[in-house]
Amino acid sequence: MPELPEVETISHILNQGGEGIPPLPGQVVDQAVVLWERTIAMPDVARFKESIRGQKIEHLSRRGKFLIIQLTQETLLFHLRMSGDLLVERQEQAFAPHHRLVLEFTSGWRLAFNDTRKFGRVWLTADPQEVLAGLGPEPLDRGLSSAEFFRRLHSHSRQLKPLLMDQTFLAGLGNIYTDEALHLARLHPLSLSDKINEEQSSRLLASIRQVLEAGIQRNGTSIDWVYRGGDYQNYLRVYGRTGEACPVCGTPIERIVLGQRSTHFCPVCQVIRA
DNA sequence: CACGAGACCTGTTCGC
DNA sequence: TGCGAACAGGTCTCGT
């Protein structure tokens, strides 16, 4: 489910609290309840439970699609994958069906990791770089220049869409925002990265930033039962709109499968060619 | 190196 | 109506 804007939104909400829910910073872990062992990527479950007890939450942040929770001694990292979500609840409440990990706090509140498809993972480590080291640059980091982005595009000869979704190339884009950015930039998802000229490259970077910022502005994209809160789904240009009119030229949006992912684009606006 | 397919999972929607 | 196929915001690993 969550791509960069959704994780950013969750991080913000959990940091600030709101709607009768307390901010997470300051909460002290009393106990971890593990309902699906494979959710814990590191360390093993016994050590995870042992180690997290008594640690206080200092601060939440995001890197790519990872949610990072800084604890007093260690760092807790979540990757929500396709269906993960984080909820702050009262401890009296019964566990919902798909809770995989629950952190109970001394305050009577708890943080629940709910993940229908069980793809999500959690790491507890003294050195978060162990988990994050391979990630590419943050797309919204102004330190990533047009020139650098162009260089990175030309250091591969790969189809644009799978390249943009490769987290070692750029950290945070997923299936929705990649389709949106490519349409906004008028670039075909199958275009080869080393055939992109400088103007197209800077347009692409600007488009990526524009759709991600708009997504954050709208608190993310909510589709189906997964991820509630955001309403960017109402502003999507091509994602999930197969057969509907392109918002720019009116041509029906096409769908192809690329790297086993649905890919939506306008066959008129998005042309392969340098 | 680039790319496709299969795994990992559960739930909903589609098509006949 | 029923039932299997297709599909879903992700990523890893293997084979070509």
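Convention: sequence-line order gives letters A, B, ...; per-chain numbering from 1.
- OP1 or OP2 of C:dA8 has at least one side-chain nitrogen or oxygen of A:S262 nearer than 4.0 Å.
- Per the geometry, CZ belonging to A:R117 stands 12 Å off C1' belonging to B:dA7, to the nearest Å.
- The phosphate of C:dC7 has OP1 or OP2 within less than 4.0 Å of a side-chain N or O from A:R255.
- Going from atom NZ of A:K65 over to atom P of C:dC12 covers 10 Å, rounded to whole Å.
- One finds a salt bridge joining A:E148 and A:R151 here, because a Lys/Arg side-chain nitrogen approaches an Asp/Glu carboxylate oxygen to under 4.0 Å.
- Going from the P atom of B:dG11 to that of C:dT1 covers 24 Å, rounded to whole Å.
- For the ring-ring contact (aromatic ring centres under 6.0 Å, His included) test with A:F78, the passing option among A:F113, A:F119, A:W123 is A:F113; the others fail.
- Rounded to a whole angstrom, the distance from the P atom of B:dG6 to that of C:dA5 is 15 Å.
- Applying the side chain to side chain donor-acceptor pair (under 3.5 Å) test to pairs two or more places apart or on separate chains, those with a residue in residues 248-269 of chain A are A:K161-A:T263, A:D179-A:H264, A:R255-A:S262.
- Counting any heavy atom pair closer than 4.0 Å across all strands shown, A:R38 reaches sugar-phosphate atoms only and no base atom.
- In this structure, A:V248 stands alone, with no Ile, Leu, Val, Met, Phe, Trp or Tyr side-chain heavy atom under 4.5 Å from its own, directly or through other members.
- The A:Q167 side chain lies nearest to C:dT11 when the options are B:dT10, C:dG10, C:dT11.
- Contact between the side-chain N/O atoms of A:R121 and the OP1/OP2 oxygens of C:dT11 is not found at any separation under 4.0 Å.
- Ring geometry for A:F150 against A:H154 counts as tilted: the plane angle lies between 30° and 60°, on a 0 to 90° scale.
- B:dC8 has its base stacked against the ring of A:F119, the centroids being under 5.5 angstrom apart at an interplanar angle below 30°.
- Per the geometry, NZ belonging to A:K161 stands 17 Å off C1' belonging to B:dA2, to the nearest Å.
- The distance from atom CG of A:L192 to atom C1' of B:dC3 is 12 Å, rounded to the nearest whole Å.
- Atoms CZ (A:R241) and P (C:dC7) sit 19 Å apart, rounded to a whole Å.
- In this structure, A:H79 and A:F66 have perpendicular ring planes: the angle between them is above 60°, well past the 30° mark.
- For A:R158, taking side-chain heavy atoms from C-beta onward, the closest of the listed nucleotides B:dT10, B:dC3, C:dA8 is B:dC3.
- Residue-to-nucleotide contacts include a donor-acceptor pair under 3.5 Å from the side chain of A:Q260 to the base of B:dG6.
- A gap of 23 Å separates the P atoms of C:dG4 and B:dC9, to the nearest Å.
- The side chain of A:H98 places an N or O atom within less than 4.0 Å of a non-bridging phosphate oxygen (OP1 or OP2) of B:dG11.
- Using a cut-off of 4.0 Å between Lys/Arg side-chain N and Asp/Glu carboxylate O, A:E89 and A:R110 are scored as salt-bridged.
- Listed pair A:H156 / B:dA2 meets the phosphate criterion, a side-chain N or O lying under 4.0 Å from OP1 or OP2.
- Screening A:V34, A:L87, A:L35 for a side-chain contact (heavy atoms from CB on, under 4.5 Å) involving A:V102 leaves a single residue, A:L35.
- For A:T116, counting side-chain heavy atoms from C-beta on, the closest listed nucleotide (C:dG10, B:dT10, B:dC3) is B:dT10.
- Rounded to whole Å, atom P of B:dC9 lies 16 Å from atom CG of A:L35.
- Contact annotation for A:Y177: no contact, since no heavy-atom pair falls under 4.0 Å across all strands.
- When the side-chain nitrogen and oxygen atoms of A:R261 are compared with OP1 and OP2 of C:dG10, one or more of them lie within a distance under 4.0 Å.
- Contact annotation: A:K118 does not reach the phosphate of B:dC8 (side-chain N/O to OP1 or OP2, under 4.0 Å).
- Taking the P atom of each, B:dA5 and C:dA8 are spaced 15 Å apart, rounded to whole Å.
- Put simply, CZ on A:R152 is 14 Å from P on B:dC1, counting in whole angstrom units.
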Reading DNA chain B 5' to 3', how would its secondary structure be written in dot-bracket notation, given Watson-Crick and G-U pairs with both distances under 3.5 Å, brackets [ ] for crossing pairs and | for partners on other strands? .|||||||.|||||||
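- The CE-C1' distance, from A:M82 to C:dT11, rounds to 10 Å in whole Å.
- Looking at A:D115 and A:S83, their side chains do bring a donor and an acceptor atom within 3.5 Å of each other.
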